[in-house]
Structures are given as structure tokens and as C-alpha cells.
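In what follows, a single structure is set out as C-alpha cells and then discussed.
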Amino acid sequence: MAAPIWLWAFAASLALIPPAFGNSEGDALYTLRKSLVDPDNVLQSWDPNLVNPCTWFHVTCNQDNRVTRVDLGNSNLSGHLVRDLGKLEHLQYLELYKNNIQGTIPAELGNLKNLISLDLYNNNISGTIPRSLGKLKSLVFLRLNDNKLTGPIPRELVGVSSLKVVDVSNNDLCGTIPTSGPFQHIPLNNFEKNPRLEGPELLGLASYDTNCS
């Protein structure tokens, strides 16, 4: 007996569903959700059973249903970031500012080759700024101020020519302030309130991380 027309139509509609990347990106974001404490239920719509995360609140996708924005600034979230965020290869904006996120910045964020804005300011993030962020050749905004970051400013960032805004003030960074590449145009007050961070480096005269031991 031939299958009814509606069944063929249903099968055809399944063929139009975006491929597995929708689920993989949803899995990555759901891993983030599980790592966060969300007392205001801003992540309530993040249902891992949906085909992709493009209908979730605070998530934006492009026309190909790839995640391009995660907007969770000022959402009263705590917990920590996850390495799986590095799987969102089309992500352009990661906005997690003004929360109470702890832990470290995953090195895997350096895989986000399309990232334009990384806003993690006003949290309780510790550890170092990953050197892998130097691979983000589309990055324009890097705002990590008002956290508990330590270690030097990675010199790999000097090679990110697209950088226009860098703010690492009010942390516990050490070493010296870069002065080449995009850092030529970053105001010094974007580095202030780092007690162990010394003034702009004099190129060729000293190692930049002498006081980071």
C-alpha cells in the first residue's frame, strides 16, 4: 500500500530542516546554560529538544540558522564559561557583561574566527587572558574590565589589527602595556587600576612580563 500524501509531505519537510550543526550549536549553548545559575529564568527558553537554538531568547542567528549573537548582559547570571562556546564558529557577538560569572576565560574562545565583540566586563572572572585570543582577526571590541584577571596582556593581541577598543582596567594584570599595533590608539585609562601593571613598554629595552612571577 502506498504511503499517504501527508506522510510524503512530512518526509519532504524533514529534508528541509537545517543539518546537524543546528543541534551542535544548541548543544554548546545548552552546556553553557547548565554551567550557569539563572535565578531570573532568562534562559528558560533554551530547550535542547528544538531543531536549533534560533528561537531561543537572547540568541540571534543568520539566514543559514547559524548562531551569530549571544546577548546575556546584565542578566543576574553566575557560574562559569564553558569550552564548548568555541564551537560557535559563526559567532560575532558574545555579550556576558555585568553578571557574576566566575572561573576562567576558555582558551577555546580563540576558535571564534568571526568574533567582533567579546564583552565579559563587570564579572568575577579570574585567571589569565588567553593567548589564543590573538587568533581573533575580526575582533573589534575586547572589554574585560572589572574582573579578577591576572598575568600579562598577551602580546598576540598586538597582531589583531581590527581591534579598536580594549579595556582591561580594574583587574590584577602585570607586566607592561603594549604600545604597538592597535594598542597605539588605546587610551591609558583603559589599563588603570591594575596595581602590578607598569607603564607603556619601551620597545627593545626590557622583557614585558618582568614583574609577573
Side-chain angles (χ1 to χ4, degrees), residues 32 69-75 77-83 85-86 91-213:
L32 174 65
R69 293 187 67 113
V70 175
D71 289 289
L72 290 170
N74 200 21
S75 296
L77 300 170
S78 58
H80 62 273
L81 303 178
V82 294
R83 295 181 297 175
L85 288 171
L91 192 67
Q92 296 178 329
Y93 295 86
L94 183 56
E95 307 295 321
L96 288 162
Y97 55 87
K98 293 185 179 179
N99 285 292
N100 190 30
I101 294 171
Q102 300 172 315
T104 60
I105 301 173
E108 287 78 5
L109 295 189
N111 297 331
L112 302 176
K113 60 184 179 181
N114 292 296
L115 198 66
I116 294 171
S117 177
L118 179 58
D119 281 332
L120 302 177
Y121 60 89
N122 283 102
N123 278 287
N124 281 299
I125 298 172
S126 57
T128 60
I129 301 172
R131 296 170 60 183
S132 60
L133 299 187
K135 298 190 296 181
L136 301 178
K137 300 306 182 184
S138 298
L139 194 64
V140 178
F141 305 99
L142 178 62
R143 288 175 281 224
L144 305 175
N145 50 289
D146 295 276
N147 278 290
K148 297 178 180 178
L149 295 168
T150 57
I153 299 170
R155 274 352 184 230
E156 288 78 2
L157 292 173
V158 168
V160 183
S161 59
S162 55
L163 269 176
K164 301 296 182 188
V165 175
V166 176
D167 194 339
V168 294
S169 59
N170 199 18
N171 280 287
D172 190 24
L173 300 175
C174 56
T176 55
I177 299 170
T179 55
S180 56
F183 287 86
Q184 298 178 64
H185 308 292
I186 305 299
L188 287 177
N189 58 4
N190 288 16
F191 304 94
E192 66 183 9
K193 296 183 180 178
N194 285 281
R196 297 190 296 145
L197 191 63
E198 299 177 354
E201 64 189 5
L202 300 175
L203 294 179
L205 294 184
S207 173
Y208 72 89
D209 59 354
T210 52
N211 67 337
C212 286
S213 57

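Keep in mind that what you see is a predicted model, and the values were worked out from it rather than measured.
Note that CG of N171 is 11.5 Å distant from OG1 of T128, once rounded to the nearest 0.5 Å. Note: L149 CG to S126 OG = 7.5 Å, rounded to the nearest 0.5 Å. Interatomic distance, CG of L120 versus CG of L109, reported as 7.5 Å (0.5 Å rounding). Rounding to the nearest 0.5 Å gives a distance of 12.0 Å between NZ of K113 and CG of L136. Taking CG from L133 and CG from L144, the interatomic distance works out to 7.5 Å, rounded to the nearest 0.5 Å. Atom CZ of residue R83 and atom CG of residue L32 lie 14.0 Å apart, to the nearest 0.5 angstrom.
Residues N145 and N170 have side chains that never bring a donor and an acceptor to within less than 3.5 angstrom of each other. One side chain, E95 or S117, offers a donor N or O that lies under 3.5 Å from an acceptor on the other.
Shown here are the side chain to side chain donor-acceptor pair (under 3.5 Å) partners of R131, two or more places apart in sequence or in another chain: E156.
Of all heavy-atom pairs between N147 and N124, the closest is OD1-N, 3.3 Å. Annotation for F141 and L163: closest pair N-CD2, 4.5 Å, computed over non-hydrogen atoms. Across all non-hydrogen atoms, the minimal contact from G86 to N111 is O-CB, 3.6 Å. Between L91 and R69, the shortest heavy-atom distance links the atoms CD1-N, 3.7 Å. When all heavy atoms of S132 and A107 are compared, the closest pair comes out as OG-O, 2.6 Å. Listed here is the closest heavy atom pair of K164 and I186: O-CD1, 3.5 Å.
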Practice task
Please step through side chain to side chain contact (heavy atoms under 4.5 Å, CB included) for the pair L72 and L77, ending with a clear verdict.
Solution key: CA-CA 8 Å; L72 290 170; L77 300 170; 4.0 Å; yes
Problem - CA sep, side-chain torsions, deciding dist, call: N99, S75, side chain to side chain contact (heavy atoms under 4.5 Å, CB included) - result: CA-CA 6 Å; N99 285 292; S75 296; 3.7 Å; yes
Handout entry: side chain to side chain contact (heavy atoms under 4.5 Å, CB included) between N122 and Y97, intermediate numbers included
Key = CA-CA 6 Å; N122 283 102; Y97 55 87; 5.5 Å; no
Practice task
Run the numbers on I101 and L81 for side chain to side chain contact (heavy atoms under 4.5 Å, CB included), then give the verdict.
Solution key: CA-CA 7 Å; I101 294 171; L81 303 178; 4.0 Å; yes
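The main-chain N or O of P200 is never found under 3.5 Å from a side-chain atom of T179 such that the two would form a donor-acceptor pair. Using a distance-only test at 3.5 Å, with no hydrogens or angles considered, a donor-acceptor pair links the side chain of S162 to the main chain of L139. Using modelled atom types, one side-chain atom of N123 and one backbone atom of L96 make a donor-acceptor pair closer than 3.5 Å. Side-chain N or O atoms of N194 include one that pairs as donor or acceptor with a backbone N or O of V168 at under 3.5 Å.
For K137, the NZ atom sits in a packed shell: over 12 heavy atoms of surrounding residues, nucleotides or ligands are nearer than 6.0 Å. More than 12 heavy atoms of other residues, nucleotides or ligands lie within 6.0 Å of NZ in K135, so this atom counts as buried by the packing criterion.
The existence of a salt bridge linking R143 and D167 is excluded, since no basic side-chain nitrogen approaches an acidic carboxylate oxygen closer than 4.0 Å.
Side-chain contact between L173 and I129: present, with at least one pair of heavy atoms (C-beta onward) separated by less than 4.5 Å.
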